[in-house]
Each structure stands twice: as structure tokens, then as C-alpha cells.
**Student:** 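Starting off with a structure, shown below.
Throughout, protein chains are lettered first and strands after them, A, B, ... in sequence-line order, and every chain is numbered starting at 1.
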Amino acid sequence: MTDKSSGWQGFYAVVVQIPAGRVATYGQIARLAGFPQHARQVGYALAALPESRTDVPWQRVINSKGEVSPRARSGMHHFQQSLLEAEGVSFVNERVDLKTYLWEGTESGADG
DNA sequence: AATTTGACCATAA
DNA sequence: GTTATGGCCAAAT
């Protein structure tokens, strides 16, 4: 492809797969994308998400601790939390129950 | 070009 | 639970 797009991998392609009311961890995104070691890059990629990428549910992406990252020095993380709550994701002590809302992945093959 | 910074994850003490 | 370290890459300065 003669595309001069950024070097970011297909992270977005994975994030967009996250269903509403569910959350995924950076490591998982990188994992499904095929880059289990580039967990960081995932977050950075989402940080660079332009307003045009509204199709990318970056809000559903959180850290492995189930907490929303404070990415900015402001209370922006609160904004993300609000977005998730709007989708049905509950927050407990500024945290999310990964064992309840953690996205299992593409669920390929599993019957339930 | 080199340095610094950044939305992370896993291990160890 | 916290603190410290190693891994990996891209954007900004």
C-alpha cells in the first residue's frame, strides 16, 4: 500500500471489535492485534485517535487493573468512565470488574 | 540525530 | 497494597 499512514499496527481493528457494555485491556488489544509486547503502543495509538475515529471505542479500553488510565493531567479519565457507564458498565471504587465486564475477545469457536 | 516523554504489562521484594 | 525494574515503540522537542 502506498499509504503514508502512521506506523501504528491494526490496533484500531481490534478495538472496534469490543462490544458495548464490555471492556478490554491494553495488553489484550495488543495481543489480539498480534503484538503482546507492544501493550504500550496500544494506549499511545488510542491517545493519537483523532476526532474522525469516532468509530473506535477507545473508551472501552482500560488497563489490566480495571482502572481507567489518567492519560491526561486533567479529570478527562472521568469522561471515559462516564461513557462506559452510559453503555452499562458499572464502576466500583473507580474500578471495573474485569471478571464481569472484561471482553473475552473475538470469541471464535466458543459456544457460550 | 539524540533525548525525553507517554492512555502499559509482568515480575520481584 | 506499594515501590522498583525490564521490555517495547512512536511522537514531540
Side-chain angles (χ1 to χ4, degrees):
Chain A
M1 305 188 308
T2 56
D3 201 323
K4 58 174 192 257
S5 303
S6 302
W8 302 107
Q9 311 301 349
F11 294 130
Y12 305 130
V14 181
V15 178
V16 297
Q17 289 189 54
I18 307 173
R22 204 81 71 193
V23 296
T25 64
Y26 296 97
Q28 184 154 23
I29 301 299
R31 229 174 157 67
L32 301 170
F35 302 89
Q37 337 183 205
H38 301 169
R40 311 181 109 191
Q41 210 61 337
V42 178
Y44 306 152
L46 300 173
L49 271 174
E51 299 180 7
S52 308
R53 307 307 329 211
T54 50
D55 24 291
V56 183
W58 57 274
Q59 69 238 58
R60 295 179 196 149
V61 187
I62 59 179
N63 53 24
S64 194
K65 293 196 301 186
E67 302 177 358
V68 274
S69 299
R71 57 187 154 72
R73 277 63 171 284
S74 300
M76 291 298 264
H77 65 98
H78 211 66
F79 177 69
Q80 185 187 18
Q81 179 180 334
S82 181
L83 291 169
L84 290 170
E85 289 185 322
E87 296 193 350
V89 180
S90 282
F91 274 76
V92 177
N93 196 357
E94 300 287 311
R95 244 182 297 188
V96 180
D97 197 348
L98 295 178
K99 65 197 240 11
T100 300
Y101 295 103
L102 177 62
W103 182 42
E104 296 183 12
T106 52
E107 289 188 15
S108 59
D111 60 299

**Student:** Rounded to whole Å, please give me the gap between NE2 in H78(A) and P in dA7(B).
**Tutor:**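 From H78(A) NE2 to dA7(B) P: 19 Å.
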**Student:** Check for me, please, whether L83(A) and V96(A) land in the same ILVMFWY cluster - side-chain distances under 4.5 Å, paths through other members count.
**Tutor:** no
**Student:** Within residues 12-39 of chain A, which residues have any heavy atom lying less than 4.0 Å from an atom of DNA chain C?
**Tutor:**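 Heavy-atom contacts with DNA chain C come from Q37(A), H38(A).
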**Student:** Please, which pairs that meet salt bridge (charged side-chain N to carboxylate O under 4.0 Å, His left out) have at least one residue in residues 83-94 of chain A, sequence neighbours excluded?
**Tutor:** R60(A)-E87(A)
**Student:** If every non-hydrogen atom of K65(A) is compared with every non-hydrogen atom of L98(A), which pair is closest and at what distance?
**Tutor:**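 Residues K65(A) and L98(A), closest heavy atoms: C-CD1, 4.0 Å.
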**Student:** Do D97(A) and V92(A) have side-chain heavy atoms sitting under 4.5 Å apart?
**Tutor:** no
**Student:** Starting at atom CZ of F11(A), determine the distance to atom P of dC8(C), rounded to an integer number of angstrom.
**Tutor:**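 Interatomic distance, CZ of F11(A) to P of dC8(C): 14 Å.
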**Student:** Would you call Y44(A) stacked on dG6(B), i.e. ring centres under 5.5 Å apart with the planes less than 30° off parallel?
**Tutor:**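 Yes, Y44(A) stacks on the base of dG6(B), since the ring centres sit under 5.5 Å apart and the planes are within 30°.
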**Student:** Going hydrophobic residue to hydrophobic residue with side-chain gaps under 4.5 angstrom, can you get from F11(A) over to Y44(A)?
**Tutor:**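 Result: yes, single cluster for both.
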**Student:** Which nucleotide sits closest to the side chain of R95(A): dG6(B), dG1(C), dC9(B)?
**Tutor:**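 Comparing dG6(B), dG1(C), dC9(B) against the side chain of R95(A), the answer is dG1(C).
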**Student:** Given atom CG of N63(A) and atom P of dA7(B), what is their separation to the nearest angstrom?
**Tutor:**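 Answer to the nearest Å: 12 Å.
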**Student:** Let me check something: do V14(A) and W58(A) share a hydrophobic cluster, defined by ILVMFWY side-chain heavy atoms less than 4.5 Å apart, either directly or through other members?
**Tutor:** yes
**Student:** Would you kindly give the NE2-to-C1' distance between H77(A) and dG6(B), to the nearest whole Å?
**Tutor:** 17 Å
**Student:** Under 3.5 Å, side chain of Y12(A) to main-chain N/O of A45(A), donor-acceptor pair present?
**Tutor:**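 Here the side-chain-to-backbone pair exists.
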**Student:** Dot-bracket for DNA chain C: what is it, with Watson-Crick or G-U pairs under 3.5 Å, [ ] where a pair crosses earlier ones, and | for a pair to another strand?
**Tutor:** .||||||.|||||
**Student:** Minimum heavy-atom separation for V68(A) and Q80(A), please, with both atom names.
**Tutor:**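 Closest pair (atom of V68(A), atom of Q80(A), distance): CG1-OE1, 3.0 Å.
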**Student:** Where each residue is assigned the nucleotide of DNA chain C containing its nearest heavy atom, which of R40(A) and K65(A) is assigned the position nearer the 5′ end?
**Tutor:**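 The residue closer to the strand's 5' end, by nearest nucleotide, is K65(A).
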**Student:** With rounding to whole Å, what would you report as the distance between dC8(C) and dG6(B) at their C1' atoms?
**Tutor:**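 Rounded to whole Å, the distance is 13 Å.
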**Student:** Which whole-number value in Å describes the distance from Q80(A) CD to dC8(B) C1'?
**Tutor:** 14 Å
**Student:** Kindly indicate whether the side chain of L32(A), heavy atoms from C-beta on, has any atom under 4.5 Å from the side chain of Q17(A).
**Tutor:** no
